Student: 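One structure follows; several queries about it will come next.
To find a chain, count down the sequence lines: A is the first, B the second, and so on, and within it residues start at 1. As the structure is a prediction and not an experimental result, all values here were calculated from the model. Basis for what follows: all heavy atoms, side chains included, without hydrogens, waters or symmetry-related copies.
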Amino acid sequence: MNKLVLVDGNSIAYRAFFALPLLNNEKGVYTNAIYGFTTMLLKILEEEKPTHMLVAFDAGKTTFRHNTYKEYKGGRQKTPPELSEQLPVMRDLLKAFNIAHYEVENYEADDIIGTLAKIGEEEKWKVKIFSGDKDLLQLVSENVHVALTKKGISNVDTYDLKLVDEKYGITPNQIIDMKGLMGDSSDNIPGVTGVGEKTAIKLLKEFKSVEGLYDSIDQVKGKLKEKLETNKEEAFMSKKLATIETNAPVEIRFEDIVLVEPDYEKVVSLFKELEFSSLLDRFDSEEGECHENIEDLDLTIMNEIRDEILHSPSSVVVEVLEENYHDADILGISIVNKKGNFFIPIDIASKSEIFRQWAENESMEKWVFDAKRAVVALGWKNIILRGVSFDVQIASYIIDPSSNAHDLSDIAKRKKSISVQSDEFFYGKGKKRHIPDQSDLAQHLVRKASIINDVKADLEKELKDNKQYELFKELEMPLSIILGTMEMTGVAVDKDELREMGSQLGEKLEEMEKQIHSLAGMEFNINSPKQLGEVLFEKLNLPVIKKTKTGYSTSADVLEKLQDQHEIIEKILHYRQLGKLNSTYIEGLLKVIHKKTGKIHTIFNQALTQTGRLSSTEPNLQNIPIRLEEGRKIRHAFIPERENAVIFAADYSQIELRVLAHISKDENLIQAFNEDLDIHTKTAMDVFHVNKEEVDGQMRRTAKAVNFGIVYGISDYGLSQNLGITRKEGKEFIDRYLESFPGVKDYMENIVDEARAKGYVTTMLQRRRYLPEITSRNFNLRSFAERTAMNTPIQGSAADIIKKAMVDMAEEMETRNLKSQLLLQVHDELIFEVVEEELEIMKEIVPKIMENAVELAVPLKVDYSYGKTWYDAK
DNA sequence: GCCGGCACGC
DNA sequence: GACGTACGTGCCGGCC
């Protein structure tokens, strides 16, 4: 069966333009409307699979409708030039996709669509129309459906006869009567003054049409009748204007709009030019791969390792398929250098003494993608990879942390190197994952190494141009090796302690479950928000505070508000808290204890967060409970590996606010830290204009929340949620804070200006974050970008500082030949295992090195403590 | 296998 | 015309 898709090009472009922030590519060409338009096209191709397709555009300024009414579309704002300039590119894209586009002098896109839809319908084809304009609904029929954009652009509602009736209570051909009566301000169609959608529909239900209405005008009473009579002429004219012409002079035959395969090469090159890397991926993985002409690289499979191929520098790929690379299988190793392209099967490499010596030789330079992965994977095989001088993944992350270059193929595309299939595509994902045969594997790995070789110089230049080379070379590169060592070292855990806590928790949970069920008067799954919501708000009839997309909200802040209404609430909150401890922390941690080492080996992601912080996975050791005592007890299970050693934790006190004092140069804040005041009390004194003795608990809590807000860049809304106050009050607190710290206020204003001017903000050590949305006309997006501009230099500089401290600390421990080890980093604290004989020296050097990692306008302060478990290091 | 809701840390 | 409210990770239930 034939399926015809008709797209209202102008309407979709217009919607896309306003729905998306004003993106532009490197050359400064605006691309937001093109991007939105393209995602829509891809979605249509994928989901509709049309046999015929046409995109219609408006032509020229005037149409036949202007003969009827010369003010038609009058007073409409001129199409923004930022949008107009994008329209020709959309036509180019359509050509590349081999999708027909069409326009007719004196007619609008609607008329072309109407005409073709009618023909399609007569032929009994399925017809689907895409637009943002409700007028098109008049074309809906049994076989003609209209998809209207709702939120954003790719989100559509598809109207058939039933949905039109549901939404409007009228038939599609009555849409024009409705428009006739209510008018349309966007097209400057007058309609009947004082009649809106509601009245129009009411009238049409009774009188069927504009004609029918005026034939029986005497049945209408009062003011409405008067209005209808005075505007009779306008009503008929408006109906005429709103009517889509279904006999427009469209000189196009269906064979001209048969949909054929896109011209992949052209599409890919346009996407590259437009910098649509995410679409490039989609396009590639959906259809491009099999069409892209990949010429195999020449390579040698080494069944014996010869010294002369192990050259310096070499681009190296140590391929580990598992996402978790601890003790994982290595599939093979590829090396690309001046001597050629080589693939080394893993059993050859692991047995070769020549290979080991080369790998472990610091002076043999290696360029890689994801150094830590290679170092740790080889580390588990007792090969210590040294001399890694360039990590393409980290370089790419430093240049732009938003690029999320988790896959080398993305970088290859961006840097216009040779193409390589994404790992996901090459190996397959989920159940379909498989290891290809050796020759394909060799080709894939050699291509990857070759890309590393290709892009290295380019990335290095970019780092230098951005003044980020030092950050890369002196901070992040050494850090990746340090992190690798920490991961390999792992953290020892007391399994029995965890199990004991688990069984106690289990008992308690069972008991609580019974209590909750009896209070509810029925059995249900407390962990299901859906079931819980039904129990609380339907069975127990508690007041609904908040709803989510899918039903009632049962989040902690909602439950807290209901606490005094029913004794079940408190029990549910407690049940949730313990349930979380049991599933995530007890069971979760037990699951990831390594079979061979009996320790927990996390993986730090060094190239992920937008601010420069690390993250930790499998398990996440950066969110082990501490706030509530019950959870904090989990820390009892984290112990030193060696006898007579302790867990030693050192944390920066108020590092973000100290950084803020430094970069804002606010005198009040600087003075506060120079005098080592309690910063929340000091803030409360200034914000509430009271002296120290008058600051009560509530005031200090509020001040603390405000400081929290400043540090994390939350909005007045966020602060209000935090404190349970109104948004207005939240804003007041922020304003009063800024009055008290005028230097901070200046900083906040200046940094936003700077972000607008440059397009990005930087941290103390030149880390960058791009904020394209800072010029968005969308209030929410813009505000978010502005808060990010204020916050990222603070949080990011704090991240810089602790990273620097880690590098300095590693160096110090190396020169002193210490046996103690760094185990974890939790954003503002470092956790070590310290052996007894080094305790005194560590007490001295850890705070010293952390406090002197950088020099600020205020002192950095480090507190430390230690004990026989992580719990005791408090 | 994916998504939404929820909760933990800084 | 309004794709969402600091950053992350991970668990569960419910849906496909």
Side-chain angles (χ1 to χ4, degrees), chain A residues 14-21 36 39 132 149-155 186 401 429-432 525-533 546 548-559 573 576-585 587-589 591-592 602-605 608-628 631-632 634 651-652 655-656 708-722 727 730 769 773 776-788 790-792 794-796 798-799 802 825-829:
Chain A
Y14 213 78
R15 291 294 295 249
F17 180 73
F18 285 106
L20 297 167
T39 51
T149 56
K150 38 179 195 182
K151 279 187 207 165
I153 26 135
S154 40
N155 221 339
S186 70
K429 67 169 174 178
K431 270 191 167 174
K432 286 185 224 142
N525 185 342
I526 307 167
N527 283 324
S528 159
K530 187 164 170 269
Q531 295 183 32
L532 179 61
K546 198 163 76 178
T548 65
K549 271 181 240 172
T550 49
Y552 310 107
S553 169
T554 63
S555 62
D557 61 307
V558 168
L559 296 189
L573 281 166
R576 277 229 185 112
Q577 190 202 326
L578 298 190
K580 170 87 180 173
L581 288 181
N582 199 36
S583 66
T584 304
Y585 296 105
E587 288 170 14
L589 288 174
K591 250 185 269 174
V592 291
T602 186
I603 290 178
F604 290 105
N605 197 331
L608 183 118
T609 71
Q610 300 305 298
T611 54
R613 279 185 171 185
L614 302 174
S615 77
S616 154
T617 57
E618 279 189 273
N620 181 353
L621 291 182
Q622 291 182 319
N623 73 343
I624 302 300
I626 187 164
R627 243 183 55 243
L628 301 167
R632 189 175 197 151
I634 302 281
D651 70 296
Y652 282 109
I655 186 169
E656 282 98 349
F708 178 86
I710 298 290
V711 166
Y712 288 119
I714 63 173
S715 57
D716 47 5
Y717 172 86
L719 184 63
S720 72
Q721 291 294 300
N722 229 315
R727 194 178 178 138
R769 181 171 186 180
E773 288 169 346
S776 171
R777 287 168 312 271
N778 178 316
F779 173 81
N780 294 316
L781 294 178
R782 189 178 62 246
S783 306
F784 183 42
E786 286 170 359
R787 293 201 305 278
T788 309
M790 302 177 204
N791 159 253
T792 297
I794 303 173
Q795 212 191 103
I802 192 161
Q825 186 251 46
V826 191
H827 308 308
D828 67 351
E829 64 176 328

Student: Given side chains that start at C-beta, do those of I634(A) and L581(A) come closer than 4.5 Å, heavy atoms only?
Tutor: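 Answer yes - side chains close enough.
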
Student: Where the side chain of Q577(A) is defined as all heavy atoms beyond and including C-beta, which of dA6(C), dC7(C), dC8(B) is the nearest nucleotide?
Tutor: dC8(B)

Student: What nucleic acid atoms does T611(A) come within less than 4.0 Å of, heavy atoms only: base, sugar-phosphate, or nothing?
Tutor: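 Touches nothing.
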
Student: With nearest nucleotides of DNA chain C determined for R787(A) and S615(A) from heavy-atom distances, which residue corresponds to the more 5′ nucleotide?
Tutor: R787(A)

Student: Rounding to an integer number of angstrom, what distance separates dA7(B) and dC3(C) when you compare their P atoms?
Tutor: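 Their P atoms lie roughly 25 Å apart.
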
Student: At under 4.0 Å between heavy atoms, what does S616(A) touch on the DNA or RNA strands: base, sugar-phosphate, or nothing?
Tutor: sugar-phosphate

Student: Nearest of dT9(C), dC11(C), dC3(C) to any side-chain atom of L781(A)?
Tutor: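 The closest nucleotide is dC3(C).
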
Student: Go through dG4(C), dA6(C), dC12(C) for me and flag the one nearest to the N527(A) side chain.
Tutor: dC12(C)

Student: For a quick test of reading the model: is some side-chain N or O of N525(A) closer than 4.0 Å to OP1 or OP2 of dG13(C)?
Tutor: yes

Student: Whole angstroms only, please: what is the CZ-P distance between R627(A) and dC10(B)?
Tutor: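 Going from R627(A) (CZ) to dC10(B) (P), I get 9 Å.
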
Student: Provide, to the nearest angstrom, the distance between the CD1 atom belonging to I655(A) and the P atom belonging to dA6(C).
Tutor: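 From I655(A) CD1 to dA6(C) P: 22 Å.
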
Student: Think S528(A) has a side-chain N or O under 4.0 angstrom from the OP1 or OP2 of dG14(C)?
Tutor: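 Yes.
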
Student: Please state whether the phosphate of dG5(B), meaning OP1 or OP2, lies under 4.0 angstrom from any side-chain nitrogen or oxygen of T548(A).
Tutor: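 So the side-chain polar atoms of T548(A) do come within 4.0 Å of the phosphate oxygens OP1 or OP2 of dG5(B), strictly under.
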
Student: Looking at CG of L621(A) and CZ of F604(A), how far apart are the two atoms once the value is rounded to the nearest 0.5 Å?
Tutor: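 With rounding to 0.5 Å, CG (L621(A)) is 6.5 Å from CZ (F604(A)).
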
Student: Quick one: pull up OG in S616(A) and NE2 in H827(A) and give me the separation to the nearest 0.5 Å.
Tutor: 8.0 Å

Student: T792(A) near the nucleic acid: base, sugar-phosphate alone, or nothing, with a heavy-atom cut-off under 4.0 Å?
Tutor: nothing

Student: Need one value for I624(A): base, sugar-phosphate or nothing, where a base atom within 4.0 Å counts as base even if backbone is also close, heavy atoms only.
Tutor: sugar-phosphate

Student: Between dA2(C) and dC8(B), how far apart are the two P atoms, rounded to whole Å?
Tutor: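 Straight-line distance between the two P atoms is 36 Å.
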
Student: If you check the P625(A) side chain, which of dG9(B), dA7(B), dC7(C) turns out closest?
Tutor: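 Closest of the options to the side chain of P625(A): dG9(B).
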
Student: For the side chain of S583(A), starting at C-beta, report the closest nucleotide among dG4(C), dC15(C), dC11(C).
Tutor: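 Shortest atom-to-atom distance from the side chain points to dC11(C).
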
Student: For Y717(A), report the nucleic acid contact type (base, sugar-phosphate, nothing); a contact means any heavy atom under 4.0 Å.
Tutor: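 Base contact.
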
Student: Specify the separation, in whole Å, of atom CG of N722(A) and atom P of dC10(B).
Tutor: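 Computing the N722(A):CG to dC10(B):P distance gives 15 Å.
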
Student: Looking at every strand, decide which applies to Q531(A) at a 4.0 Å heavy-atom threshold: base, sugar-phosphate, or nothing.
Tutor: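 Sugar-phosphate, backbone atoms only, no base.
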
Student: Between T550(A) and dG5(B), does any side-chain N or O lie under 4.0 Å from OP1 or OP2?
Tutor: yes

Student: Starting at atom NZ of K580(A), determine the distance to atom C1' of dG5(B), rounded to an integer number of angstrom.
Tutor: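 From K580(A) NZ to dG5(B) C1': 11 Å.
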
Student: Any sub-3.5 Å donor-acceptor pair from R727(A)'s side-chain atoms to Y717(A)'s backbone N or O?
Tutor: no

Student: Can you run through DNA chain C from 5' to 3' and write each base as (, ), [, ], | or . depending on how it pairs? Watson-Crick or G-U wobble, both distances under 3.5 Å.
Tutor: ......|||||||||.

Student: Look at the side chain of R613(A) against the base of dC10(B) and say whether a donor-acceptor pair falls under 3.5 Å; ignore hydrogens and angles.
Tutor: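 Per atom types, the contact qualifies.
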
Student: What nucleic acid atoms does D828(A) come within less than 4.0 Å of, heavy atoms only: base, sugar-phosphate, or nothing?
Tutor: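 Sugar-phosphate, no base atom in range.
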
Student: Can you identify which nucleotide, out of dT9(C), dA6(C), dG4(C), has its nearest atom closest to the T617(A) side chain?
Tutor: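 Closest nucleotide to the T617(A) side chain: dT9(C).
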
Student: Specify the separation, in whole Å, of atom CZ of F708(A) and atom P of dC7(C).
Tutor: 11 Å

Student: Can any side-chain N or O of R613(A) pair as donor or acceptor with the backbone N or O of A799(A) at less than 3.5 Å?
Tutor: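 Here the side-chain-to-backbone pair does not exist.
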
Student: Among the candidates dT5(C), dC6(B), dG10(C), find the nucleotide nearest to the side-chain atoms of S715(A).
Tutor: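 It is dT5(C).
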
Student: Walk me through whether D557(A) and K546(A) qualify under side chain to side chain contact (heavy atoms under 4.5 Å, CB included).
Tutor: CA-CA 10 Å; D557(A) 61 307; K546(A) 198 163 76 178; 3.6 Å; yes

Student: Do T611(A) side-chain atoms and T792(A) backbone N/O form a donor-acceptor pair below 3.5 Å?
Tutor: no

Student: Expressed in angstrom and rounded to an integer, what is the separation of E587(A) atom CD from dC8(B) atom P?
Tutor: 16 Å

Student: If only side-chain N and O atoms count, and only distance matters, is there a donor-acceptor pair under 3.5 Å linking S776(A) with N778(A)?
Tutor: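 Note: N778(A) and S776(A) side chains miss the donor-acceptor criterion.
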
Student: I'd like to know if N623(A) reaches the base of dC8(B) with its side chain, counting only an N/O donor and acceptor under 3.5 Å.
Tutor: yes

Student: If only atom types and distance count, is the side chain of T617(A) paired as donor or acceptor with the main-chain N or O of N620(A) below 3.5 Å?
Tutor: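 Here the side-chain-to-backbone pair does not exist.
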
Student: Determine the contact category for L608(A): base if any of its heavy atoms lies under 4.0 Å from a base atom, sugar-phosphate if only primed atoms, P, OP1 or OP2 are that close, otherwise nothing.
Tutor: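 Here L608(A) touches the backbone only, sparing every base.
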
Student: Mind calculating the distance between CG (D557(A)) and C1' (dA7(B)) to the nearest angstrom?
Tutor: 12 Å

Student: Using the P atom on both, measure dA6(C) against dC2(B) and round to a whole Å.
Tutor: 27 Å

Student: Just how far, in rounded Å, is C1' of dG4(C) from CD of E773(A)?
Tutor: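 The distance from CD of E773(A) to C1' of dG4(C) comes to 11 Å, rounded to the nearest Å.
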
Student: Using a heavy-atom cut-off of 4.0 Å across all strands, would you classify N778(A) as base, sugar-phosphate, or nothing?
Tutor: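 Here N778(A) touches the bases of the nucleic acid.
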
Student: Pick base, sugar-phosphate or nothing for T554(A), based on heavy-atom distances below 4.0 Å to the nucleic acid.
Tutor: sugar-phosphate

Student: Sticking with atom P, work out how far dG4(B) lies from dG4(C), rounded to a whole angstrom.
Tutor: 11 Å

Student: Is a side-chain donor or acceptor of Q531(A) paired with a backbone partner of I526(A) at a separation under 3.5 angstrom?
Tutor: no

Student: With a non-hydrogen cut-off below 4.0 angstrom, is Q610(A) in contact with a base, only sugar-phosphate, or nothing?
Tutor: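 It contacts sugar-phosphate atoms only.
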
